[in-house]
Colleague: 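Following this message is one structure expressed as structure tokens.
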Amino acid sequence: MTKPRTLYEKLWDSHVVRYLTDDTALLYVDRHLLHEVSTPQSFVALDKRGCGVHRPLANLAVPDHAIPTRHRDRPIADPQARAQMAKLVENVERYGIPFIPLNDIRQGIVHVMGPEQGFTLPGMTLACGDSHTSTHGAFGTLAFGVGASECGIVMAAQALVQRKSRTMAVRIEGTLSAGVSAKDVALAFIGKVGVNGAAGHAIEYLGPAVSGFSMEARMTLCNMAIEAGARVALVAPDDTTFNWLKGRPMAPEGDLWDQAVSYWRSLPTDEGAVFDREVLLNADEIAPHVTWGTSPEDTIAIDQMVPDPEMIEDEQKRARLKRALTYMGLTASTPIAGTPVDMVFIGSCTNGRLVDLEAAAEIVKGRKVSPNVQALVVPGSGLVKQAAEEKGLDRIFIDAGFEWREAGCSMCVAMNEDRLKPGQRCASTSNRNFEGRQGRGGRTHLLSPAMAAAAAITGTLTDIRKLEAM
Amino acid sequence: MSEPLIHVTSQAISLPDPNVDTDIIFPARFLLKIDRDGMAECLFHDRRFDAAGVEQPAFPFNRDDRQAAKFLVAGPGFGCGSSREQAVWALTDWGIRVVIAPDFGDIFSGNAAKNGLLLIRMEASRVAELAVKAERGAMFSVDIPGRSFTVDHEEICRLDLGEETAEAFIEGWEEIDVILNREREHVAAFEAEHRARQPWLFQASEG
Ligand code: SF4
């Protein structure tokens, strides 16, 4: 009998071209997603060597990071963003790489568009020049973020040198309470293990809560694994996965689909397989979460107090917490709920999908955005936007006073004009609350779409469970 | 080619903050550059300068007596966050060739290896000792062929570098060339078998 293996080990083993040392291997990379910011320098490396792209059709390019979310009928106003965009078009044309243009309905954030198109499939390896590539692991895909040099290597050679990760099982028992979502689970998990808690590990989320999650919820979970230090996150593919993928434009059809599904069913972790580490979370105990500081591990339940750095023994950690409190303009040992916000951002590859917009719209319906707040909804893709409009969600948001924008990364990375001014505070469904992430001096509180919607209505960070009772 | 790294000796900059992420090292708005010029100017931009562009003398990278430093002693989790390779390009463009820390962001480590930036991992308590020495102005030195890392001539540790990695530093080889030169046939052989096993991953129109 062969040794029982985890999902990660099966994916790894099936892509090893050859081992270079005990734990590093040349790994075959099936697919590569490109965007305008990840690859200009990668193409320079290809040009310089004249080596061409090994399999152009294994790549798919789309602009998402730096593009505006308004006035798509006009040329991009920012000259640098316009040049970057033009460079991407020039590069993909020159190398014959499939491309989704800005005004195409399929355009969207790489990690929303890839799965939507069926470009992401279980059992494959996928690389992209963006750390949140772990999102695709929701499909049982070995997906990881890479830098610009590695983007060039994947295009030229279809392979990368990778170190094998240790494995970490994150088992989620129980069921989520009302008002609690996958985002809260992700934040609670990072709060529990810390930003380096899963470093060097490939996470597999399992347990009854995860099996019951939608693909969108699984993507939210895998998306934020990177904030715990993991480069790879996985959920085993199952019927939920196959039903979601079937009929997608780039998914296999007919006989090939049946062959693929029967292979994909062999991927889940074998009974008796051993993980290097296990972490247990009880979904019943997770409350809606929000970050208070400048690291994704600075999370608390919405009904808790801002922590007091003086209680921390480790000197460096205490200094970091103090700095974070000052940066965030918060006072230790005061409730986080009730903190006034200036902006609300609903979107990103973490929470920019239809179910996320539905969860937010449910809170917004029949209410008004607080007059002190500017609130934005930026759908994760053109198709998400279209589906939301078919359901009338755009009306709910617009009637309440939200701005309804075109798809892109927008305020998740603040490379376009959507950004905070120094000192402004934002309730955001994105994934990073780093200093300056949403604009220099901007203050970010990460939370779920429903919690962001509640903050827009009340103008303050709000416990969604209390709002629902109002 | 990346800049060869054989021997370097200089004073070191100490930046002990934990979890210095790549957004701090290289703020996102500078990612709009499409080439690799002027990277050093963006390095730690929002820590080196305030919003009005005034230089912050207290920030370690602004110290007059550290402008020729090639070593950085950093805190745990250095380079976590975004995958942007610009963080590495900015460090090397500024002049940093070696970073010592308890641990590093995963993708950052991969990027460093491709750009001749040597990362040395060490227990937090030993890194803290080195930070004190860095503050004092001690001379840090790395010798790749000899695999040694010394501070004021005292050996701190042996460098755990395989033959090929050391050669890549010394010659300034880039991984893309190594793979294209040595691995093409292995990849081609694997690809043929892989295609037979998982044909749905390939388009009918491909070769
Ligand atoms: S939405 Fe944010 S995290 Fe996601 S791909 Fe865009 S910039 Fe990266």
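Residue numbers begin at 1 in each chain, while the letters A, B, ... track the order of the sequences.
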Colleague: Can you tell me which portion of Q259(A) sits under 4.5 Å from chain B's heavy atoms? Options are side chain, backbone, both or neither.
Modeller: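 When you check distances to chain B, atoms from both the backbone and side chain of Q259(A) fall under 4.5 Å.
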
Colleague: So which of Q316(A), R163(A), Q158(A), R432(A) has the largest heavy-atom pair count under 4.5 angstrom toward chain B?
Modeller: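 Option with the top pair count is R432(A).
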
Colleague: Heavy-atom distances under 4.5 Å only: say whether L121(A) touches chain B with side chain, backbone, both or neither.
Modeller: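 Side chain only.
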
Colleague: For chain A, which of C80(B), P16(B), G110(B) has the most heavy-atom pairs under 4.5 Å?
Modeller: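 Maximum pair count with chain A is reached by P16(B).
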
Colleague: In terms of heavy-atom pairs under 4.5 Å with chain B, which of G436(A), P40(A), A260(A) leads?
Modeller: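 Ranked by heavy-atom pairs under 4.5 Å with chain B, first place is A260(A).
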
Colleague: For F202(B), is it the side chain, the backbone, both or neither that has a heavy atom under 4.5 Å from a heavy atom of chain A?
Modeller: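 It is both, since atoms from each part get that close.
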
Colleague: Output the option from G75(B), G81(B), P18(B) having the highest count of non-hydrogen pairs under 4.5 Å with chain A.
Modeller: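 Highest number of heavy-atom pairs under 4.5 Å: G81(B).
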
Colleague: Among the options T22(B), N19(B), D17(B), D46(B), pick out the one with the most heavy-atom pairs lying under 4.5 Å from chain A.
Modeller: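 Result: the option with the highest number of such pairs is D46(B).
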
Colleague: Mind checking whether M250(A) and Q203(B) have side chains closer than 4.5 Å, heavy atoms only?
Modeller: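 SC-SC contact between M250(A) and Q203(B) confirmed.
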
Colleague: Sort out for me which of E150(A), H15(A), R18(A), R320(A) touches chain B most, counting heavy-atom pairs under 4.5 Å.
Modeller: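 The option with the most such pairs is R18(A).
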
Colleague: How are the rings of W94(B) and F61(B) set relative to one another: parallel (under 30°), tilted (30 to 60°) or perpendicular (over 60°)?
Modeller: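 Ring orientation, 0 to 90° scale: perpendicular.
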
Colleague: Which bit of D35(B) is near chain A, if near means a heavy-atom gap under 4.5 Å: side chain, backbone, both or neither?
Modeller: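 The answer is the backbone of D35(B).
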
Colleague: Do the side chain of R318(A) and the main chain of I312(A) share a donor and acceptor less than 3.5 angstrom apart?
Modeller: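 Pair found, side chain donor or acceptor close to backbone of I312(A).
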
Colleague: Can you say whether V195(A) sits under 4.5 Å from chain B via the side chain, the backbone, both, or neither, judging by heavy atoms?
Modeller: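 The answer is the side chain of V195(A).
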
Colleague: What I want to check is whether the side chains of E191(B) and H54(A) have a donor and an acceptor closer together than 3.5 Å.
Modeller: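 Note: E191(B) and H54(A) side chains meet the donor-acceptor criterion.
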
Colleague: Where does R182(B) contact chain A at under 4.5 Å (heavy atoms): side chain, backbone, both or neither?
Modeller: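 Nothing of R182(B), per the 4.5 Å heavy-atom cut-off to chain A.
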
Colleague: With a 4.5 Å cut-off on heavy-atom pairs, point out which of N111(B), I24(B), I107(B), V187(B) contacts chain A the most.
Modeller: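 Top option by heavy-atom pairs under 4.5 Å: I107(B).
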
Colleague: If you count heavy-atom pairs under 4.5 Å with chain B, which of T39(A), I226(A), D130(A), L46(A) comes out on top?
Modeller: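 Of the options given, most contacts go to D130(A).
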
Colleague: Relative to chain B, which segment of N431(A) carries a heavy atom at a distance below 4.5 Å: side chain, backbone, both, or neither?
Modeller: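 Contact with chain B is absent: no heavy atom of N431(A) under 4.5 Å.
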
Colleague: With a 4.5 Å cut-off on heavy-atom pairs, point out which of A45(A), P252(A), G145(A), S149(A) contacts chain B the most.
Modeller: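 Ranked by contacts with chain B, first place is S149(A).
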
Colleague: Would you mind telling me which of E435(A), K87(A), R419(A) has the largest number of heavy-atom pairs within less than 4.5 Å of chain B?
Modeller: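 With the most close heavy-atom pairs to chain B, the winner is E435(A).
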
Colleague: Relative to chain B, which segment of A148(A) carries a heavy atom at a distance below 4.5 Å: side chain, backbone, both, or neither?
Modeller: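 Both backbone and side chain.
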
Colleague: CG/L11(A) to OG1/T141(A) distance, rounded to the nearest 0.5 angstrom?
Modeller: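 One finds 7.5 Å between CG of L11(A) and OG1 of T141(A).
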
Colleague: At a 4.5 Å cut-off on heavy atoms, which part of P27(B) comes close to chain A: side chain, backbone, both, or neither?
Modeller: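 When you check distances to chain A, no heavy atom of P27(B) falls under 4.5 Å.
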
Colleague: Select one option (side chain, backbone, both, neither) describing which atoms of L31(B) are under 4.5 Å from chain A's heavy atoms.
Modeller: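 For L31(B), the contact with chain A is made by backbone and side chain together.
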
Colleague: Answer with yes or no whether the side chains of E85(B) and N115(B) bring together a donor and an acceptor at under 3.5 Å.
Modeller: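 Distance-only check passes for N115(B) and E85(B).
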
Colleague: By a 4.5 Å heavy-atom criterion (distance strictly below it), what part of A319(A) contacts chain B: side chain, backbone, both, or neither?
Modeller: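 A319(A) has no heavy atom closer than 4.5 Å to chain B.
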
Colleague: If you draw a 6.0 Å radius around CD in Q56(B), do more than 12 non-hydrogen atoms from other residues or ligands fall strictly inside?
Modeller: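 Counting neighbours around CD of Q56(B), more than 12 heavy atoms of other residues, nucleotides or ligands fall under 6.0 Å, so yes.
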
Colleague: Could you tell me whether E135(B) and R63(B) make a salt bridge, using a distance below 4.0 angstrom between a side-chain N and a carboxylate O?
Modeller: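 Answer for the salt bridge query: yes.
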
Colleague: Please determine whether a side-chain nitrogen of the Lys or Arg among E417(A) and R29(B) lies less than 4.0 Å from a carboxylate oxygen of the Asp or Glu.
Modeller: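 Judged by the 4.0 Å cut-off on N to carboxylate O distance, E417(A) and R29(B) do not form a salt bridge.
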
Colleague: Under 4.5 Å heavy-atom distance to chain B, tell me which part of V161(A) shows up: side chain, backbone, both or neither.
Modeller: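 Both backbone and side chain.
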
Colleague: Is chain A contacted by the side chain of L180(B), its backbone, both, or neither, given a heavy-atom distance below 4.5 Å?
Modeller: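 When you check distances to chain A, only side chain atoms of L180(B) fall under 4.5 Å.
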
Colleague: Set out, in order, the CA-CA distance, both residues' side-chain angles and the distance that settles salt bridge (charged side-chain N to carboxylate O under 4.0 Å, His left out) for E227(A) and R437(A), then state yes or no.
Modeller: CA-CA 14 Å; E227(A) 302 328 324; R437(A) 174 74 179 189; over 6 Å; no

Colleague: Measure H186(B) against the heavy atoms of chain A and call it side chain, backbone, both or neither at under 4.5 Å.
Modeller: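 When you check distances to chain A, atoms from both the backbone and side chain of H186(B) fall under 4.5 Å.
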
Colleague: Parallel, tilted or perpendicular: which one describes the rings of W257(A) and W264(A), with boundaries at 30° and 60°?
Modeller: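 Ring orientation of W257(A) relative to W264(A): perpendicular.
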
Colleague: Would you call E41(B) and K33(B) a salt bridge, using N to O less than 4.0 angstrom?
Modeller: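 No salt bridge links E41(B) with K33(B).
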
Colleague: Heavy-atom distances under 4.5 Å only: say whether E193(B) touches chain A with side chain, backbone, both or neither.
Modeller: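 Neither part.
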
Colleague: Name the member of R197(B), R184(B), E175(B), R84(B) that forms the most heavy-atom pairs with chain A at distances under 4.5 Å.
Modeller: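 When all of R197(B), R184(B), E175(B), R84(B) are compared, E175(B) has the most.
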
Colleague: For R31(A), which atoms come within 4.5 Å of any heavy atom of chain B: side chain, backbone, both, or neither?
Modeller: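 Side chain only.
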
Colleague: Over 60° means perpendicular and under 30° means parallel, so classify the ring planes of F108(B) and F78(B), tilted if in between.
Modeller: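 The arrangement is perpendicular - the two ring planes meet at more than 60°.
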
Colleague: Would you say the side chain of S165(A) lies within less than 4.5 Å of the side chain of R231(A), judging by non-hydrogen atoms?
Modeller: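 No, too far: nothing below the 4.5 Å cut-off.
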
Colleague: Of all heavy-atom pairs between A159(A) and I179(B), which one has the smallest distance, and what is that distance?
Modeller: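 Closest approach of A159(A) to I179(B): O-CD1, 4.4 Å.
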
